[in-house]
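Taking it in order: structure first as C-alpha cells, then the write-up.
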Amino acid sequence: MKIGIIGAGNIGGNLTRRLTALGHDVSVANSRGPETLKDLAEETGATAVTAAEAARGAQIVVVTVPLKSVPDLPSGLLDGTTGDVAVIDTGNYYPQQRDGRIAAIEDGLAESRWTEKQIGHPVIKAFNGTYAQDILDKGRPQGTPGRQALPVAGDDPAAKQAVRDLIDQLGFDTVDAGGLDESWRQQPGTPVYGNRGDADAITKALADASPERTAEWRA
C-alpha cells in the first residue's frame, strides 16, 4: 500500500522502518523539511517529503505529531488522498508536559475527536499507548500465544478494519475499542495506556477505564 506518515519522531520513525520492511510504499514528513529526513530515507527506502505532500495518493495516513502541533498542519492535508483513506491518529494530550491547555479536551472531548476536528477528516485512534521500541521488537506471527494486542478506536468500520489489518501485518493482535467517542478509554492515565498485554488483557483494561481525567493529565 501507499502510506503517508506525518511526523518522524519515535513512533513515526519506527513505523517507517517496519512498514518499508514489509514492502509498503512509504512517504514520511516532519515539520522541519524533507532534507532533515535524509538519513531515515536512506536507511529505509522511504521517500522524504513535505507534510503537504505526505498524504498524496495514500491509502493510509499516520498523523503522529504533538497535539499542540496539529492545528499547524497544512490546510487541505488530505485533499490528495484516495477516497477511502484511513487516517491513524497516534496522538496524546500532555497538558503539563508539552501541549499546554486545550479547553475542549479539558471539558471532556476525546483527544482524537479534537484532532479529527482540526484536520477535517475522520480518524482511527491507534498506537497512542504503544512503546515505540515495541513496534520494532515485539511483533509476532498471527496465532502466537500471548501475542501483544493494541486497542483501535474509530467510527468508520472499513477504515478501522484497514488499520487492524495493518497492525496484524506488523505482528500484533488488535482489540476493537469502540467508536471515537469511546477512545478516552485508551488515553494517557488509563489501564490500557502502555499495557503490553494480549487481547484478553487489553479488553479487560479498556473495560476498567474511568472517564475521569486524573490530575496528572489535566492542565
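From a predicted model like this one, the values you see are computed outputs, not experimental measurements.
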Does any non-hydrogen side-chain atom of [Y] lie less than 4.5 Å from one of [X]?
{"X": "Ile88", "Y": "Thr90", "answer": "yes"}
{"X": "Val65", "Y": "Asp72", "answer": "no"}
{"X": "Ile102", "Y": "Pro95", "answer": "no"}
{"X": "Ile60", "Y": "Val85", "answer": "no"}
{"X": "Thr64", "Y": "Ile5", "answer": "yes"}

Once you round to the nearest 0.5 Å, how far does [atom1] of [X] lie from [atom2] of [Y]?
{"X": "Arg213", "Y": "Trp184", "atom1": "CZ", "atom2": "CH2", "value": "11.5 Å"}
{"X": "Ile135", "Y": "Arg17", "atom1": "CD1", "atom2": "CZ", "value": "10.5 Å"}
{"X": "Asn92", "Y": "Glu111", "atom1": "CG", "atom2": "CD", "value": "6.0 Å"}
{"X": "Glu35", "Y": "Asn30", "atom1": "CD", "atom2": "CG", "value": "8.0 Å"}
{"X": "Gln59", "Y": "Asp25", "atom1": "CD", "atom2": "CG", "value": "9.0 Å"}
{"X": "Leu150", "Y": "Leu170", "atom1": "CG", "atom2": "CG", "value": "8.5 Å"}

Are the side chain of [X] and the backbone N or O of [Y] linked by a donor-acceptor pair below 3.5 Å?
{"X": "Thr190", "Y": "Arg185", "result": "yes"}
{"X": "Asn14", "Y": "Ala132", "result": "yes"}
{"X": "Asp198", "Y": "Gln148", "result": "no"}

Ignoring hydrogens and geometry beyond distance, is a side-chain donor-acceptor pair present between [X] and [Y] at under 3.5 Å?
{"X": "Gln161", "Y": "Asp165", "result": "yes"}
{"X": "Asn128", "Y": "Gln186", "result": "yes"}
{"X": "Gln142", "Y": "Asp168", "result": "yes"}
{"X": "Thr50", "Y": "Glu53", "result": "yes"}
{"X": "Asp89", "Y": "Ser112", "result": "yes"}

Please lay out, stage by stage, how Lys2 and His24 fare under the test side-chain contact (heavy atoms from CB on, under 4.5 Å).
CA-CA 6 Å; Lys2 185 165 176 50; His24 295 292; over 6 Å; no
Do Arg147's NZ or CZ and the ring of Phe172 fall within the cation-pi criteria of under 6.0 Å and 45°?
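Geometry flag: not set, cation outside 6.0 Å or 45°.
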How about Glu212: does its CD atom have over 12 heavy atoms from other parts shown lying under 6.0 Å from it?
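No.
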Quick check: are there more than 12 heavy atoms from other residues, nucleotides or ligands sitting under 6.0 Å from CG of Asn10?
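It does not: Asn10 CG has 12 such atoms or fewer within range.
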Would Val152 and Asp176 count as a side-chain contact (heavy atoms from CB on, under 4.5 Å) if you check the C-alpha gap in whole Å, the side-chain angles of each, and the deciding distance to 0.1 Å?
CA-CA 5 Å; Val152 180; Asp176 190 333; over 6 Å; no
Does Ile105 form a side-chain contact (heavy atoms from CB on, under 4.5 Å) with Leu67? I'd like the steps, not just the answer.
CA-CA 11 Å; Ile105 296 176; Leu67 237 66; 3.6 Å; yes
Between Val61 and Thr81, is the side-chain contact (heavy atoms from CB on, under 4.5 Å) condition met? List the steps.
CA-CA 9 Å; Val61 174; Thr81 58; 4.1 Å; yes
Aromatic ring proximity, centroids under 6.0 angstrom, Trp217 and Tyr94
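Yes.
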